[in-house]
Chemist: 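Here you go, one structure.
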Amino acid sequence: MDNRVERIVLETDRHLITGDLTMPKDGYRSRLSDFLNRGDIDFVPLVSVEVRPIEGGDAVAHEFLAVARTHIQLAYHHKNGDQ
């Protein structure tokens, strides 16, 4: 199966998390909304991650981070210039 890497932003009640998510290139579950609505995963695996407190402060870098789906309040594709 062909995959692609998307830079995404996940917002929780306390953090803004930016990282790379590997998803199918096309077809089933190739959209971010499809991926997040999967019933068979409890965590979203991200690589090359930056975690920034919502209330401001410095970002902390991580090579890998698994974010619990139940904590995600907002999710979108990262655009150049987004933090």
Chemist: Would a single hydrophobic cluster contain both I41 and L36, if residues Ile, Leu, Val, Met, Phe, Trp and Tyr are joined by side-chain heavy-atom contacts under 4.5 Å?
Modeler: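 Same cluster.
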Chemist: Does R31 CZ have over 12 foreign heavy atoms under 6.0 Å away?
Modeler: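 No.
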Chemist: If you measure from CD1 on I17 to CD1 on I8, what distance do you get to the nearest 0.5 Å?
Modeler: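 Reported to 0.5 Å precision, the distance equals 9.5 Å.
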Chemist: For a side chain to side chain contact (heavy atoms under 4.5 Å, CB included) check, start with the C-alpha distance between L21 and L32, then their side-chain angles and the critical distance, and finish with the verdict.
Modeler: CA-CA 9 Å; L21 175 65; L32 178 57; 3.9 Å; yes
Chemist: Taking all non-hydrogen atoms of both residues into account, name the closest pair between T22 and F35 and its distance.
Modeler: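 So the two residues come closest at O-CE1, 4.2 Å.
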Chemist: Any idea which heavy atoms bring A59 and E50 closest together, and the distance?
Modeler: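 That closest heavy-atom pairing would be CB-OE1, 4.3 Å.
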Chemist: Should we count CD of Q73 as having more than 12 external heavy atoms under 6.0 Å?
Modeler: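 Enclosed: over 12 neighbouring heavy atoms sit under 6.0 Å from CD of Q73.
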Chemist: What closest approach, in Å, do Y76 and L16 show between heavy atoms, and which atom pair accounts for it?
Modeler: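 Distance-wise, the nearest heavy atoms are OH-CD1, 4.2 Å.
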Chemist: Could you walk me through whether I54 and D13 pass the side chain to side chain contact (heavy atoms under 4.5 Å, CB included) check?
Modeler: CA-CA 8 Å; I54 290 286; D13 62 338; over 6 Å; no
Chemist: State, with a plain yes or no, whether a side-chain heavy atom of L46 is found less than 4.5 Å away from one of L10.
Modeler: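 L46 reaches L10 side chain to side chain.
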Chemist: Is there a side chain to side chain contact (heavy atoms under 4.5 Å, CB included) between D20 and R7 once you walk through the steps?
Modeler: CA-CA 4 Å; D20 293 337; R7 189 81 174 158; 2.8 Å; yes
Chemist: Between NE2 of H71 and CD of E11, what distance do you get to the nearest 0.5 Å?
Modeler: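 Rounded to the nearest 0.5 Å, the NE2-CD separation comes to 14.5 Å.
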Chemist: On a heavy-atom basis, which atom in R38 and which in R69 lie closest, and how many Å separate them?
Modeler: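 Here R38 and R69 meet closest at O-NH1, 2.6 Å.
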Chemist: For S30 and P24, which heavy atoms make the closest approach, and how far apart are they?
Modeler: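 That would be CB-O, 3.5 Å.
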Chemist: For a side-chain contact (heavy atoms from CB on, under 4.5 Å) with V9, tell me which candidate from H78, R52, H77 qualifies.
Modeler: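 Per the side-chain contact (heavy atoms from CB on, under 4.5 Å) rule, the option paired with V9 is H78, out of H78, R52, H77.
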